[in-house]
Amino acid sequence: MVTEEKLAGWTGPSSPTEKDKQERTERMIREAIDAHEGFDGYRSDFAIYAKGSYANNTNVKSDSDVDIVIECTDVCYWQEHDPAKGGHPAGSPYTGPWTPEKLRAEIAAALEKKFPGAVTAGSTAFEVDASSARVNADVVPSFTYKLYFSDGSYRQGTKVFKKDGTAIVNYPKLQLERGKEKNVRTNGLYKKTVRIFKRLENELVAKGLTEEVPSYLLECLIYNCPEENFSRDTWRGTMRGCLAKIFNSTMGPEPDEDRWMEANGSKFLFHPAQKWTRAQVHKFASDAWDYMEFE
């Protein structure tokens, strides 16, 4: 059985040493971009910021890599939520130099100069290997993206082009905002529960008792749990409530209504193109429930 004392010990963030390495990694990536002459004349058109569990302060030691977005704001890709109703204001096509290929090439050159021999170009992000002074990092070339609604309002995120030319839309800043809001509403218990959940998954995987679950998915699952679960008297009570909710909510096919959302509040958590399935999550919740020795 996982004791109350152990769960309480799992609520904390990364250690000060690990946090120093994370911050140093982010700083070194910023320095790499700032020093690269390929961005001369366009530096004000780029935003560099952390995303994911490091930015949201929900990472734990075994998941302590850093995700950094390099967002080109000189270009704005857009879509309309309902093309029949419109919403995008009139404008002119982009004629500047920043194509997906050029952005990847300049970021690659900047990183390879700063971290010689430590950079790998993945299908989406550039991976920078850890050293004794820094943690692993994923650097994501991105463009500004806006989804327009019929009244002219929009939801802003990023558009990321893969090496094969396909693209995905992310909402990293909305994930950060939604996480902060939920953490405030739960008096700081939401992020503590996410850290418990991640450490529980790590222990289960290490013991061969479940399959690995992506860190982001774990955060999304806790994000979808009702807030009354976080106000229980014990951490075991909180975990019991959350695991029961996750287990029951992933039983059977995806419903037509009240579908779960990612932690950004903008994308469905389960859909055919997703990297995970309801069955995988359902099995993990069952494995975790048994390991906690709940009845």
Side-chain angles (χ1 to χ4, degrees), residues 29 33 38-39 42 45-55 65-84 87-88 91 93-112 119-129 136-149 154-176 212-220 254 259-281:
I29 291 170
I33 300 301
F39 296 108
Y42 294 94
D45 296 322
F46 284 85
I48 305 173
Y49 54 92
K51 75 179 188 83
S53 58
Y54 162 63
D65 57 324
V66 169
D67 296 327
I68 303 295
V69 177
I70 312 295
E71 181 182 345
C72 177
T73 61
D74 192 46
V75 188
C76 181
Y77 289 87
W78 59 272
Q79 286 180 290
E80 291 173 327
H81 185 260
D82 185 347
H88 180 262
Y94 177 71
T95 58
W98 293 103
T99 62
E101 295 78 14
K102 178 175 174 58
L103 181 60
R104 285 189 66 89
E106 297 296 351
I107 291 176
L111 294 176
E112 288 164 1
V119 180
T120 302
S123 62
T124 304
F126 291 96
E127 301 168 8
V128 180
D129 293 337
N136 290 317
D138 286 341
V139 181
V140 187
S142 307
F143 293 91
T144 300
Y145 169 86
K146 293 180 180 179
L147 177 64
Y148 282 90
F149 299 95
Y154 59 83
R155 178 185 297 151
Q156 186 164 329
T158 59
K159 189 162 189 174
V160 182
F161 289 88
K162 297 184 177 183
K163 288 170 67 175
D164 63 5
T166 60
I168 55 177
V169 171
N170 291 324
Y171 295 94
K173 292 183 178 179
L174 284 179
Q175 180 193 353
L176 184 61
E212 187 173 350
V213 180
S215 174
Y216 178 61
L217 173 56
L218 294 170
E219 187 164 332
C220 291
E254 181 79 350
R259 295 174 64 183
W260 279 19
M261 306 298 290
E262 292 186 14
N264 51 46
S266 302
K267 298 168 68 175
F268 290 125
L269 183 58
F270 299 107
H271 54 80
Q274 198 60 280
K275 294 182 290 185
W276 48 74
T277 65
R278 292 171 60 84
Q280 176 190 5
V281 169

Problem - Residues in salt bridge (Lys or Arg N to Asp or Glu O under 4.0 Å) contact with E254, at least two apart in sequence or another chain - result: R259, R278
Practice task
For residues I33 and F46, determine if any side-chain heavy atom of one lies less than 4.5 Å from a side-chain heavy atom of the other.
Solution key: no
Exercise for the section: Please list, chain by chain and in numerical order, all residues satisfying salt bridge (Lys or Arg N to Asp or Glu O under 4.0 Å) with E219, sequence neighbours excluded. Expected result: K198
Practice task
Verify, without hydrogens or angle tests, whether K267 (side chain) and V169 (backbone) share a donor-acceptor contact under 3.5 angstrom.
Solution key: yes
Exercise for the section: Find the distance between CG (D65) and OG (S215) and round it off to the nearest 0.5 Å. Expected result: 8.0 Å
Handout entry: Heavy-atom side-chain proximity of Y49 to K173 below 4.5 angstrom
Key = yes
Exercise for the section: Tell me, yes or no, whether the heavy-atom count around Y154 atom OH, taken from other residues, nucleotides or ligands under 6.0 Å, exceeds 12. Expected result: no
Handout entry: Ring-ring centroid check F161 Y77, cutoff 6.0 Å
Key = yes
Handout entry: Stepwise side chain to side chain contact (heavy atoms under 4.5 Å, CB included) test for E262 and Y171
Key = CA-CA 10 Å; E262 292 186 14; Y171 295 94; over 6 Å; no
Problem - Partners passing salt bridge (Lys or Arg N to Asp or Glu O under 4.0 Å) against R155 (at least two apart in sequence or in another chain) - result: none
Exercise for the section: First locate atom CH2 of W78, then atom CD of Q156, and finally report the distance between them rounded to the nearest 0.5 Å. Expected result: 15.0 Å
Handout entry: Any donor-acceptor pair under 3.5 Å from T158 side chain to F143 backbone
Key = no
Problem - Partner set under salt bridge (Lys or Arg N to Asp or Glu O under 4.0 Å) for K102, not counting sequence neighbours - result: E106
Problem - All side chain to side chain contact (heavy atoms under 4.5 Å, CB included) counterparts of Q79, not counting sequence neighbours - result: Y145, L147
Exercise for the section: Looking only at non-hydrogen atoms, find the nearest pair between P97 and Y42 and report the distance. Expected result: CG-OH, 3.3 Å
Handout entry: Under 3.5 Å donor-acceptor, S266 side chain and N264 backbone
Key = yes
Handout entry: Donor on one side chain, acceptor on other, T144 and E71, under 3.5 Å
Key = yes
Exercise for the section: Can you measure from NE2 (H271) to CH2 (W276) and round to the nearest 0.5 angstrom? Expected result: 7.5 Å
Handout entry: 4.5 Å side-chain heavy-atom contact, T73 and W98
Key = no
Exercise for the section: Heavy atoms only: give me the nearest K51-P172 pair and the separation to one decimal. Expected result: CB-CB, 3.7 Å
Exercise for the section: Applying side chain to side chain contact (heavy atoms under 4.5 Å, CB included), name anything that partners A50, two or more places apart in sequence or on another chain. Expected result: E26, Y54, A55, I68
Problem - N/O donor-acceptor pair under 3.5 Å between D164 side chain and T166 backbone - result: yes
Problem - Distance, nearest 0.5 Å, that separates CG of L111 from CZ of F126 - result: 7.0 Å
Exercise for the section: Without swapping roles, check the side chain of Q274 against the backbone of L269 for a donor-acceptor pair under 3.5 Å. Expected result: yes
Fill in the blank from the handout: Looking only at heavy atoms, the pair that brings S142 and V69 closest together is OG-CG1, 3.6 Å
Practice task
Can you see which heavy atom on A137 is nearest to which on I29, and at what distance?
Solution key: CB-CD1, 3.7 Å
Problem - Pairwise side-chain contact, I70 with P141, heavy-atom cut-off 4.5 Å (strictly under) - result: no
Exercise for the section: Using a 4.5 Å cut-off on heavy atoms from C-beta on, say whether the side chain of I168 contacts that of K162. Expected result: yes
Problem - Exercise: identify the closest heavy-atom pair between G122 and K163 - result: O-CD, 3.0 Å
Handout entry: Separation between SG of C72 and NZ of K159, rounded to the nearest 0.5 Å
Key = 14.0 Å
